[in-house]
Amino acid sequence: MSFPTELKYTKDHEWAKVDGKTITIGITDHAQKALGDIVYVELPAVGRTLKKHETFGVVESIKAVSDLYSPVAGKVLEVNSSLTDEPARINQDPHKGAWMIKLELTDPASATDLMDAAAYTAYVASLK
Amino acid sequence: MLKRTALFEEHQRLGGRLIDFGGWELPVQYSGVIDEHQACRTAAGIFDVSHMGEVHVEGPDAEAYLNYLVSNNVAKLADSQAQYSVLCNEHGGLVDDLVIYRRARDRFLVVVNASNTDKDFAHMVKIQKQFQGGKARVSVTNESARYSQIAVQGPKAAEIVQKITKTPLAAIKTYWFAEGTVLGSIPAVLGRTGYTGEDGFEIYVPWEKGPEVWRALVEAGQPLGMKPCGLGARDTLRLEMKYPLYGHELTDETNPLEAGAGWVVKLDKGDFVGKTPIVQAKEAGLKRKLVGLRLLDRGIPRQGYAVYSGDGAIRIGEITSGTQSPSTKQAIGIAYVTIPNSAEGTKLTVDIRGQKVAAEVIPTPFYKRPY
């Protein structure tokens, strides 16, 4: 499994793309594979303020419900509402097309502990 | 240490994702739950169900003993016929559900759920000691370790299984079986039974012959679109049929009449374990019923979610199983609800993470096969 180097990662298997103060967030290829067929997603309202690690939504596969955790502290700028109708896109294109939310970073310190691709790859390997 | 079936290496070879299922290391999926589910509905699926328990009940009093043990009327069975039944405890609660195959007047094969095999077997032995003061001429032996069990299910199942056996399968009706051979010389019980709502077979062969029978079936089925199916698809397939599952719809405290198993509870056949409390519960009036529902708004019902009245004011039940139906694409659930809320068309709500989501009682099974 390869993880894009332009993204940062968390131990909860979210990715974050840092673009100045705008942070785009999704779940990793490892996460979607572990979940299996994703059939439902619930995302937050635009404008909501999220603390680091706060639950911002859920994804559900056929079998299970999983919480989504915000990798950083921020305010929701935009939500990928196309996922609501096509949750399977999260399985197909997790690192790009199936981004979930965009945040305005409200606390830069909350983004300092994210893993780079190499560290996340090692972390995933350690779970086996 | 997890238990493994004889097919463990086949699952690894086919890329199955292995999980701990009640102490057994089994594949939850291979290509994906939805893909496997659709293959089974449209062509065929093959399942390793070797973890199921097989108990031999034999002897001149085997039928009388079984008829005291289970709720259905075992005396109605002919040779080569199978019967679905439930096993009740002394309080009328459910120990498990099972299938009884009558091989001869005095020889029965009883198939129980994997996770319950030890519990069921202990219960069967306990009842054997009580029945006729322990003097009945019947032996009860747990032969689970001797069988590999493979299910082939789906509209193409008979065509596929026929490729590995000379036993004419067309002559076997639903819930009947034949004892024959597969791959020339391997003894096999070929039951036209299953847990998917499709036509299909459950095939019992000697434990060590499992891998070669599995490989032959995979090879025979592949050109016809058959896929290996894991526990995930097994669950969505049974859920679409509203087939109950122990630990979900069936529990030690569940009355079989509430669980929708009334059709296999024969109160007129003579005494059986649990009969008195079941009759009492029936006379007192059942309090709740197992229904099928679908959500009218977004969400997926899951086991343990609370069910409320349509206006959300009164708690009236609980979800026992739920998923997004791969066949109908609807969010479906099975739930125990109070009798006044159990009629088809009744509007309910389901508490999903604190939100009351609108739902409706609908007819079941959720899926009806087109053939």
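Naming convention: chains lettered A, B, ... in sequence-line order (proteins, then strands); numbering from 1 in each chain.
Counting non-hydrogen atoms of other residues, nucleotides and ligands closer than 6.0 Å to NZ of K51(A) gives a total of 12 or fewer. Residue F21(B) qualifies as open at atom CZ: its count of foreign heavy atoms under 6.0 Å is 12 or below. The environment of Q12(B) atom CD is dense: over 12 non-hydrogen atoms of other residues, nucleotides or ligands sit within 6.0 angstrom.
The side-chain heavy atoms of E60(A) and Q324(B), taken from C-beta on, include no pair separated by under 4.5 Å.
Sorted by first and then second residue, the salt bridge (charged side-chain N to carboxylate O under 4.0 Å, His left out) pairs involving residues 13-31 of chain A (not counting sequence neighbours) are K17(A)-D19(A), D29(A)-K33(A).
Screening T323(B), T236(B), D235(B) against K63(A) for a side chain to side chain contact (heavy atoms under 4.5 Å, CB included) leaves a single residue, D235(B).
Only the backbone of S61(A) comes within contact range of chain B, judged by heavy atoms closer than 4.5 Å. Neither the backbone nor the side chain of A88(A) comes within less than 4.5 Å of any heavy atom in chain B. With a threshold of 4.5 angstrom between heavy atoms, Q29(B) approaches chain A through side-chain atoms but not through N, CA, C or O.
Taking all atoms of both residues into account, the shortest heavy-atom contact from P326(B) to I62(A) is CG-CD1, 4.0 Å.
Scanning for side-chain contact (heavy atoms from CB on, under 4.5 Å) contacts around S66(A) gives L35(A), V59(A), with sequence neighbours left out. With sequence neighbours excluded, the residues forming a side-chain contact (heavy atoms from CB on, under 4.5 Å) with A114(B) are W24(B), H51(B), listed by chain and number.
Residues from residues 292-303 of chain B that place a non-hydrogen atom less than 4.5 Å from a non-hydrogen atom of chain A comprise R298(B), G299(B), I300(B), R302(B), given in numerical order.
The distance from atom CD1 of I38(A) to atom CD1 of I34(B), rounded to the nearest 0.5 Å, is 10.0 Å.
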